Amino acid sequence: MEREEDDSESELLIDRFRLSTIHIAEAEAKRNAMEISGPVMACIADLAFKYTEQLAKDLELFSQHGGRKTANMEDVILSAHRNEHLTALLRSFCNDLKAKEPQSERNRKKSSKREDQATTSVVHIPDS
């Protein structure tokens with residue numbers, strides 16, 4: 001019974017993800033005065049979902065390799081290693097987040113250099 005609930009919840013999340021992807025693609029097409037056919041829209045949604053699944057697997061592996069149960073910003077940056085432009089954007093975003101962090105919090109943190117390289121944003125990875 002619990003397995004069926006998990007499956008139905010997963011299907012609901014997948015459907016919501018695909019609908020969100022389609023909504024974003026439609027908005028971008030409208031913004032650029034373009035039209036996208038239904039089959040192409042479905043393909044975009046499917047590719048985005050498959051990419052996200054692979055990203056989640058990569059993040060899990062990177063965090064496990066680092067001996068952690070949570071993925072941090074450095075894991076996200078590593079996952080983008082095939083796309084230099086995206087990696088540069090993510091590093092810039094991470095640096096901006098660190099710059100916005102209140103000075104008092106930065107002073108309170110007396111952590112190792114390895115932890116300083118990662119931002120406080122983490123994603124919990126459940127035990128398999």
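Quick note: residue numbers are just sequence positions, from 1. When reading the values below, keep in mind they use all heavy atoms of this one structure, side chains included, and skip hydrogens, waters and symmetry mates. Keep in mind that what you see is a predicted model, and the values were worked out from it rather than measured.
Follow the hydrophobic side-chain contacts under 4.5 Å out from Leu89 and you never reach Met73; the two are in separate clusters. No continuous path of ILVMFWY side-chain contacts below 4.5 Å connects Met41 to Phe49, so the two sit in separate hydrophobic clusters. The hydrophobic clustering, which links ILVMFWY residues whose side-chain heavy atoms are closer than 4.5 Å, places Phe62 and Leu90 apart. Cluster membership check: Leu86 shares its hydrophobic cluster with Leu97, using side-chain heavy-atom separations under 4.5 Å among Ile, Leu, Val, Met, Phe, Trp and Tyr.
With hydrogens and angles disregarded, a donor-acceptor distance shorter than 3.5 Å links the side chain of Thr87 to the backbone of Ala80. A donor-acceptor pair under 3.5 Å is formed between the side chain of Asn83 and the backbone N or O of His85.
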Check your understanding: When you look at Glu74 and Arg68, which way does the salt bridge (charged side-chain N to carboxylate O under 4.0 Å, His left out) test go after all the steps?
Key -> CA-CA 12 Å; Glu74 284 301 313; Arg68 298 179 309 277; over 6 Å; no
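In Phe93, the CZ atom is not crowded: 12 or fewer heavy atoms of neighbouring residues, nucleotides or ligands sit closer than 6.0 Å.
A distance of 10.5 Å separates OG of Ser63 from CG of Asp58, quoted to the nearest 0.5 Å. Distance check, rounded to the nearest 0.5 Å: CD of Glu28 to CE of Met34 gives 10.0 Å. The CG atom of Leu78 sits 8.5 Å away from atom CG of Asn72, with the distance rounded to the nearest 0.5 Å.
A pairwise comparison of heavy atoms in Ala71 and Asp75 identifies CA-OD2, 3.3 Å as the closest pair.
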Using distance only, find each side-chain donor-acceptor pair of residues 7-15 under 3.5 Å and give its atom names and separation, not counting sequence neighbours.
residue, atom, partner, partner atom, Å
Ser8, OG, Glu4, O, 3.3
Ser8, OG, Glu5, O, 2.9
Ser10, OG, Asp6, O, 3.0

Extract all donor-acceptor atom pairs below 3.5 Å that involve side chains of residues 18-26 and protein atoms in other chains or at least two apart in sequence.
residue, atom, partner, partner atom, Å
Arg18, NH2, Asp46, OD1, 3.0
Ser20, OG, Arg16, O, 3.0
Thr21, OG1, Phe17, O, 2.9

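A salt bridge does not link Glu60 with Lys57: none of the charged nitrogens is closer than 4.0 Å to a carboxylate oxygen.
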